[in-house]
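Here is the structure we will look at.
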Amino acid sequence: MNPDRQHMTRRQVAAGIGASMAVLATASGRAQQTTEYVDGWRILRARPGQTRLRGADIGPTAISGYNGVTPGPTLRIRRGEELRVRLVNELRDPTTLHWHGLRLPNAMDGVPHLTQPPIAPGASFDYRFVAPDAGTFWYHAHFMSSEQVGRGLYGPLIVDETTPLPIDRDVTLVLDDWRLTADGTIAPFGGMHDAAHAGRIGNHLTVNGAPSADIAVKANERIRLRLINAANARVMPVRIEGHRANVMAIDGQPAEPFPARDGLVVLGPGNRIDLFIDATLAPGTRAPFLTLVDGNIPLARISYDAGTPARGAILPAAEPLPANPLPTRMDLAGSLKFDLPLDGGMTMMMRGGMMGAMTGRGPASNPAQPASIWTIANTASDGHSGAPLFTVARGRTVTLALNNRTEFTHAVHLHGHHFRLLDRLDDGWKPFWLDSIVVPARQTARIAFVADNPGKWMIHCHMLEHQESGMAAWFAVG
Ligand code: C2O
Ligand code: CU
């Protein structure tokens, strides 16, 4: 037990959110973190630890985390700068580290067997790349993903714009969904039910590793709120309460700004959303701020300083975020087109179609998982062995029809690229980019991207139990 904890009041805990990492660390009952560098490498240790997922006053939960905490430390660099991280594996299992949403060189993508060998217990791996895009990203384990991410191996990666933006508070909220037993222990992983249904849906939500967050502001400030859904499987519709919220970026990439209608935004597993919110309530106000719509679960409160407002009035409407160097044109007419039916699940197994596959081995990356339950383009895969889904010449536009034929939602994530969501009836696209897309049951999403990043890239369901039971594949950009 951290001796500092006993002397912390609820208000002090509250004040920590949105302040420095050191205070954040204390707010969720962790030991204070020091940043470790060796020879210019930032050290991240994947190791067991303890976090007070159920609140400051309830005993800690044994987790796995980077530097022993969950979420792991916020990594922060400026666009165009190089990130150098040495991942030290202090777990009992192999691991790798994936930089979700980063358009980085293939060798740094952290996919076991496809881009690097798994990092054995006791070994380390150096990740080094220049961040091409400013925005909100995250990093997470990519080996036995259901269990490793599910035990807490993830953290935020913030890439700052080259010139600072006119905002007063930059607040990152990492949302997660845990399945805890009555004594607060993480429930065991694996098992057929989660894999064959909606994935591992939990019973305990956390915000930055605690049951809720409290955001301290001054009246008339502008807040940049960065939401990250780190849950294994839960799609999170959330509502900003009592304030107008403008969506500024999705999945790390600037969007044409638009107001969140009724304050609502939806994050599938892996998604990020950046919002600008002006603090328009009166000094001294304490009010609900962020709610999970399903079950009306409060996730964050806002606390206004009782003193003078930060300025006489709120700032004028924000300009769009500065553009990242994404492809400026996409040749839809001349694109390579593929149909990727998403199939499988309990319904299909009951029809008998998948029974043969059920006797097979589980994916090599996690033999504990049930065997092939789900397919992409009629193939169940671990996402690295077997033939690529397709091979495409560098620079070519690719259009994919993600046709969800199942009774469950899937959240399809494309590595190494961002894509456009195509309109239904014409050849246009939505005014934002994504790296992960929620495809509801029985619906089709058409996406397009320029395959401009050479290498072997995974495409998989980010419902990690689906990924590990077949809904994974890879493609090659030559
Ligand atoms: Cu966020 Cu392949 O994963
Ligand atoms: Cu899925």
Side-chain angles (χ1 to χ4, degrees), residues 79 100-103 131-138 158-173 222-229 235-240 243-268 270-278 280 290 314-333 335 397-400 402 411-414 417-439 445-450 452:
R79 182 169 93 75
H100 183 121
L102 272 284
R103 300 186 301 136
D133 300 322
T136 304
F137 301 93
W138 64 303
I158 308 298
V159 182
D160 283 313
E161 289 76 16
T162 37
T163 15
L165 302 177
I167 51 162
D168 301 296
R169 306 263 163 183
D170 195 331
V171 178
T172 302
L173 299 182
R222 176 162 290 167
I223 308 157
R224 179 176 189 165
L225 183 65
R226 304 172 188 262
L227 301 174
I228 302 174
N229 183 352
V235 176
M236 298 201 196
V238 296
R239 192 173 57 234
I240 310 294
H243 296 77
R244 288 173 56 92
N246 280 307
V247 176
M248 301 301 290
I250 305 178
D251 283 355
Q253 301 294 0
E256 200 62 60
F258 63 94
R261 200 197 293 177
D262 300 324
L264 259 166
V265 292
V266 179
L267 294 102
N271 282 141
R272 289 89 59 215
I273 293 184
D274 287 45
L275 301 155
F276 277 12
I277 298 163
D278 292 314
T280 45
L290 186 71
I314 59 167
L315 294 171
E319 295 294 316
L321 298 178
N324 284 325
L326 286 153
T328 47
R329 63 180 293 276
M330 213 158 21
D331 177 18
L332 288 188
S335 68
T397 300
V398 179
T399 306
L400 303 177
L402 306 169
V412 178
H413 172 46
L414 189 70
H417 300 79
H418 277 74
F419 56 82
R420 294 288 200 179
L421 174 59
L422 300 184
D423 293 331
R424 263 162 204 279
L425 298 173
D426 60 56
D427 274 351
W429 49 66
K430 301 278 180 270
F432 49 77
W433 296 84
L434 298 166
D435 61 44
S436 307
I437 183 168
V438 172
V439 189
R446 287 165 62 238
I447 64 171
F449 67 101
V450 178
D452 57 1

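The structure presented is a predicted model; accordingly, all values stated were derived computationally and were not measured. These numbers come from the heavy atoms of this one structure, side chains and all, not from hydrogens, waters or symmetry mates.
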Could you go through V171 and L173, starting from their C-alpha distance and side-chain angles, then the distance that decides it, and tell me whether this counts as side chain to side chain contact (heavy atoms under 4.5 Å, CB included)? CA-CA 7 Å; V171 178; L173 299 182; 3.9 Å; yes
What distance separates R420 CZ from L434 CG, expressed to the nearest 0.5 Å? 9.5 Å
Enter the distance from D251:CG to I273:CD1 here, rounded to the nearest 0.5 Å. 8.0 Å
For the residue pair L422 and A448, what are the closest heavy atoms and their distance? CD2-CB, 4.0 Å
Donor-acceptor pairs are to be reported for all side-chain atoms of residues 317-332 against protein atoms at under 3.5 Å, with residues two or more places apart or in another chain.
unit_1	atom_1	unit_2	atom_2	d
N324	OD1	A134	N	2.9
N324	ND2	A134	O	2.9
N324	ND2	Q253	OE1	2.7
D331	OD1	G334	N	3.0

Step-by-step salt bridge (charged side-chain N to carboxylate O under 4.0 Å, His left out) determination, D262 to R239: CA-CA 8 Å; D262 300 324; R239 192 173 57 234; over 6 Å; no
Do I240 and L290 have side chains that get closer than 4.5 Å, going by heavy atoms? yes
Starting from the C-alpha separation in whole Å, work towards a yes-or-no answer on side chain to side chain contact (heavy atoms under 4.5 Å, CB included) for L227 and N229. CA-CA 7 Å; L227 301 174; N229 183 352; over 6 Å; no
Tell me the side chain to side chain donor-acceptor pair (under 3.5 Å) pairs involving residues 429-438, sequence neighbours left out? H100-D435, H100-S436, R272-D435, H413-S436, H418-D435, D423-K430
Starting at OG1 of T399, measure out to CZ of R446 and round the result to the nearest 0.5 Å. 7.0 Å
R224 with D274: basic N within carboxylate O range, under 4.0 Å: yes
Compare all side-chain heavy atoms of H417 with those of V450 and state whether any distance is below 4.5 angstrom. no
Drop me the distance from L400's CG to I447's CD1, to the nearest 0.5 angstrom. 4.5 Å
Sub-3.5 Å donor-acceptor pair from the side chain of N246 to the main-chain atoms of F276, do we have one? no
Can you measure from CG (L267) to CE (M236) and round to the nearest 0.5 angstrom? 8.0 Å
What are the two closest heavy atoms between W138 and G270, and how far apart are they? NE1-O, 3.3 Å
Short side-chain to backbone donor-acceptor contact, D278 and I314, under 3.5 Å: no
As an exercise, state the distance from CG of L102 to CG of D133, rounded to the nearest 0.5 Å. 8.0 Å
